[in-house]
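A, B, ... follow the sequence lines: proteins, then strands. Residue 1 opens every chain.
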Amino acid sequence: MKEIAKNFDAKQNETSLYEKWEKDGYFNPDNLVLEPTAPNYTIVLPPPNITDKLHLGHSAMLAIEDLFIRYHRMNGYRTLWLPGTDHAAIATQTVVEKKIQREEGKTRHQLGREVFLEKVWEFLGETQATILNQIRKMGASLDWSRLAFTLDEPRQRAVQEMFIRMYNDGLIYRGERIVNWCPRCHSTLADDEVEYIERAGKLYTFKYSADFPMAISTTRPETKLGDTAVAVNPKDERYKKYIGQIFEVNFCGVPLKIKIIADWNVDMEFGTGAVGVTPAHSMVDWAMGQANDLPIVKVINEEANIQSGFGEFSGLSSLAAREKIVEMLKTDNLMISEEDLTNNLSVCYRCNTPIEPLPSKQWFVAVDKPLARLGDKSLKQCALEAAKNKEIEFIPDRFEKKYTDWMTNLKDWCISRQIWFGHSIPVWYKGEEIFVGTEAPIGEAWIKDQDTLDTWFSSGMWTFSTLGWPDNFKTEKLNDLAKFHPTQVLETGYEIITLWVSRMIMMSYYAIGEIPFEKVYLHGMVLDKNGKKMSKSKGNGIDPLDMIEKYGADAVRLALTTGTTPGNDVKFYEEKIEVARNFVNKLWNIARFILGQLPDKVSEINKADLTLADAWILSRLENVKAEVSSLLEKYDFSVAGEILKIFTWDELADWYLEASKFIKSESSPAVLKKVLTEVVAMWHPFIPFVTETIWRELDQEKALIISNWPTKEDYINLEAEKRFDKVKEIIIAIRNVRSENKIEPSKKLPAMIVSADSDLKELATLITSLKTGLASLEFVDSYEAGVDAIYAKTAIASIWILGATDATTEKDRITKEIANLEKLVNLAEKKLANEDFVANAPRQLVDKEREKLDQYRNVIADYNNQLIKLS
RNA sequence: GGAUACGUAGCUCAGUUGGUUAGAGCGCACCGUUCACAUCGGUGAGGUCACAGGUUCGAAUCCUGUCGUGUCCACCA
């Protein structure tokens with residue numbers, strides 16, 4: 001017998017195992033021995049932001065994807081899981097800026113662009129190493145030879161190429177438009193980077209001047225310096241007569257030309273029913289301005305101050321200007337009312353600074369422009385059709401609707417950002433001239449565009465930029481792009497569908513004319529025990545590395561992959577990992593027990609020579625294999641894990657191993673070994689470390705990570721399953737009777753009547769008798785002297801039904817029991833008399849009902865016999 | 001305002017096309033350890049499946065409504 005530790009020592013095994021897997025090259029599909037026809041299975045890792053430490057959300061992602069990957073690798077796929085990290089332009093720049101501010105007390109402007117960027121790269125060097133190490137700790141079987149970074153040299157080339165191609169195809173254009181401007185970050189924000197917070201504000205109602213015919217309401221009087229129109233509802237009787245007129249007014253000393261326009265969006269009930277229109281500083285007003293050909297007057301500049309040309313207001317912050325205007329309006333008796341109001345302030349998602357909507361020159365991707373190469377369809381159309389035709393399948397499918405809704409309403413995508421860190425924009429300017437290309441054109445005075453690209457522009461290319469595009473072509477057989485694209489699954493959080501998933505689909509269509517992935521599996525967020533997002537500031541986060549240190553990576557993985565439902569958030573807390581750790585240890589001890597009793601040479605299984613327990617566990621194993629495989633094919637891994645767990649703990653350990661302790665056939669060792677081998681193999685995608693460790697003890701040729709998933713075999717034996725279930729019921733009934741009667745476990749008693757080989761019907765009757773309390777029982781010593789059959793929980797105990805000792809009380813009891821049973825008989829009869837039930841219900845259900853009825857009747861007959869005897 | 005998800009045991013959740021007595025883990029109570037595992041084993045208590053209608057032979061499951069919770073999107077002059 002081998003000497004094996006009592007508990008699985010995760011710390012001692014995990015790191016060395018991972019190193020061994022990696023060293024032996026199992027993570028790289030090029031090294032796998034595969035059938036020539038082996039299908040692909042590729043996942044690109046959603047690249048974690050390089051600023052973050054790994055959090056539990058990442059751990060969940062890694063655990064789930066590694067599960068998919070390991071399952072498919074064992075099933076003979078050409079399996080590639082491609083690692084990478086994201087430069088997360090804005091986030092990274094912000095972090096480094098803060099760091100420099102803290103350590104050196106300098107701003108990035110003080111350092112200058114070049115020095116600042118050097119500092120950023122320095123910072124990234126450190127964090128990258130930390131993150132990759134954390135990923136390894138989770139046991140993620142990623143092909144490190146293909147590691148990518150969204151801002152490394154190959155990706156830079158891909159991004160530049162993409163920009164130039166899209167520009168030449170007319171899909172990228174420069175345009176002026178209102179953007180969400182963060183005055184602190186000095187950058188535009190995409191619509192979905194804007195957040196809203198509720199704030200107490202004031203709604204001011206006033207007239208521009210005494211001679212203006214109507215009052216307007218606003219929360220931001222300072223922007224009114226840029227008003228060029230007043231909009232009213234066309235149905236509004238109060239203002240109808242003014243529509244189309246132009247008024248020249250003097251607003252706080254600033255001359256304005258105000259046209260009265262009609263717009264259906266104006267709510268007649270709100271305020272005065274008249275809205276001042278500021279095309280330069282509001283998205284909605286901009287649209288009205290376009291529709292009515294209004295002039296655009298910019299009031300506020302990029303620092304959120306009033307521009308020059310507005311008299312005494314120029315140079316003031318917008319807030320100061322607001323106060324001054326309010327003051328002047330009051331003095332001039334133009335202010336009609338000031339109401340308190342909570343309004344939704346739009347703020348920057350990074351720094352919470354209020355957004356200034358500003359007109360600005362930016363680069364855009366046209367999403368609605370038809371392209372000949374795509375069959376005169378726009379990027380948006382292609383992306384919508386992919387979901388509609390089920391070329392791309394969402395799991396769970398309700399997210400397809402979210403995707404479609406968002407995609408339908410998608411406006412042109414602003415891709416330029418006014419920050420320093422990120423992909424540069426391959427554009428050069430000379431006065432009004434524009435040149436697009438990686439190198440400056442010949443000649444003097446060309447100036448490079450100073451902006452950088454939206455992070456999502458580069459991560460949108462992630463499935464193919466990581467596979468060698470644009471150097472690789474789909475038509476060439478031997479390169480990664482041809483071999484692995486499109487990928488099979490994108491596994492990511494649902495909150496990122498709009499930001500990322502949709503962009504990947506559009507860009508993949510554009511670059512290579514095909515979908516980037518076949519399935520999108522969406523996991524929920526990992527929340528704390530109270531259902532709140534985990535965050536550093538709240539201090540409610542759980543550090544996965546601490547948990548791995550304490551419980552082992554297997555436990556963390558198991559806790560994150562079971563007890564979840566796709567697309568639903570999970571509340572997570574340490575006890576879950578503890579429970580998972582306990583299971584890992586249970587599996588370890590099952591293996592320890594089985595390995596401890598295997599002879600040196602294990603013979604083949606001889607079907608003719610199986611005990612009931614042998615036949616039962618083999619049959620159950622077959623069922624579980626089929627179920628688990630089919631669930632994993634459907635990506636329903638949580639349920640698959642649950643079924644495996646029930647089989648391993650409740651059936652294998654609690655029943656079969658207990659039975660095997662003293663009832664064995666020649667084949668039993670072979671059965672034990674087979675069940676252990678296959679169970680361990682099925683657990684591998686969930687808990688790779690403990691399973692691989694056990695696998696080594698089983699003296700297998702190949703490492704488990706590249707071994708085959710258990711295949712179907714011919715061991716289904718329904719008769720054995722049925723019989724063993726009955727036997728289990730008997731044992732449980734015996735336990736109960738015994739615990740009520742306080743029979744000493746060690747006490748051996750004579751007599752036997754029923755054995756495990758008895759007729760099923762007899763067994764069933766016996767069970768009912770035991771349950772209803774008719775039979776009291778005592779039992780013989782089992783096959784091995786000294787072992788208590790019940791304690792050992794085996795099915796082989798023999799049972800003696802004893803009559804009652806006290807005739808009168810027994811008579812009463814039996815009479816009562818008969819009455820109870822007759823009620824049950826009535827119920828069953830009534831159900832069977834219902835023609836609809838018999839006709840419509842599944843046959844098994846009806847049969848079961850009949851069986852029950854028979855059973856009750858048999859017991860009643862028994863009782864009656866007893867009664868006769870007693871009297 | 002629009003969308004979407006959810007409401008099942010004290011807690012965290014399963015419950016896959018409607019079908020036996022609604023399940024699990026944790027927690028709780030009681031019993032148990034020379035036995036592979038106390039990171040263990042056994043037994044038990046605990047549920048009007050949010051509420052109200054409807055469809056059906058049959059509803060936690062389907063439909064309608066109400067209440068409550070979460071999330072996303074839009075918008076707020």
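Here salt bridge (Lys or Arg N to Asp or Glu O under 4.0 Å) pairs that include residues 213-234 of chain A, with residues two or more places apart or in two chains, are A/R220-A/E222, A/R220-A/E356, A/E222-A/R322, A/K224-A/D227.
One atom, CD of A/E835, and another, P of B/U56, lie 18 Å apart when rounded to the nearest Å. We find that NZ of A/K576 is positioned 18 Å from P of B/A24, with the value rounded to whole Å. For the pair A/Y204 OH and B/A77 C1', the computed distance is 14 Å after rounding to whole Å. Rounded to whole Å, the distance from CD on A/E575 to C1' on B/G25 is 12 Å. What separates CG of A/L672 from P of B/A36 is a distance of 13 Å, to the nearest Å.
Between A/Y521 and A/F637, a ring centre-to-centre spacing shorter than 6.0 Å is recorded. Side-chain rings of A/F399 and A/F394 stay apart, their centers remaining 6.0 Å or farther from each other. Taking the six-membered ring wherever Trp is involved, the centroid distance between the rings of A/F583 and A/W683 falls below 6.0 Å.
The separation of B/U17 from B/G10, taken at their P atoms, amounts to 27 Å, rounded to a whole angstrom.
Side-chain contact, A/Y494 with A/D569: a donor N or O sits under 3.5 Å from an acceptor N or O.
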Write down the protein N/O and nucleotide N/O pairs, taken from nucleotides 58-64 of chain B, whose separation is under 3.5 Å; answer none if there are no such pairs.
none

Pairwise N/O distances under 3.5 Å, protein to nucleotides 38-40 of chain B:
residue : atom : partner : partner atom : Å
B/A38   : OP1  : A/K6    : NZ           : 3.4
B/U39   : O4'  : A/N582  : OD1          : 3.1
B/U39   : O2'  : A/N585  : ND2          : 2.8
B/U39   : O2   : A/R581  : NE           : 3.3
B/U39   : O4   : A/N7    : ND2          : 3.4
B/C40   : O3'  : A/K586  : NZ           : 3.4

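With sequence neighbours excluded, the residues forming a side-chain contact (heavy atoms from CB on, under 4.5 Å) with A/D636 are A/L631, A/V639, listed by chain and number.
In this structure, A/V584 reaches neither bases nor backbone, as no heavy-atom distance under 4.0 Å exists between it and the strands shown. At the heavy-atom level, A/T564 lies nowhere under 4.0 Å from the strands shown. Using a 4.0 Å heavy-atom criterion, one finds that A/K645 contacts no nucleic acid atom at all.
Annotation: proximity of residues 218-226 of chain A to RNA chain B (heavy atom, distance under 4.0 Å) is found for A/T218, A/T219, numbered in ascending order.
Residues A/D854 and A/R850 are not paired through a salt bridge, judged by the lack of any N-O separation under 4.0 Å between the basic side chain and the carboxylate. In this structure, A/R592 does not pair ionically with A/E697, as no charged nitrogen and carboxylate oxygen lie closer than 4.0 Å.
Helical stems in RNA chain B, defined as runs of 3 or more consecutive Watson-Crick or G-U wobble pairs with donor-acceptor distances under 3.5 Å: B:1-7 with B:67-73, B:10-13 with B:23-26, B:28-32 with B:40-44, B:50-54 with B:62-66.
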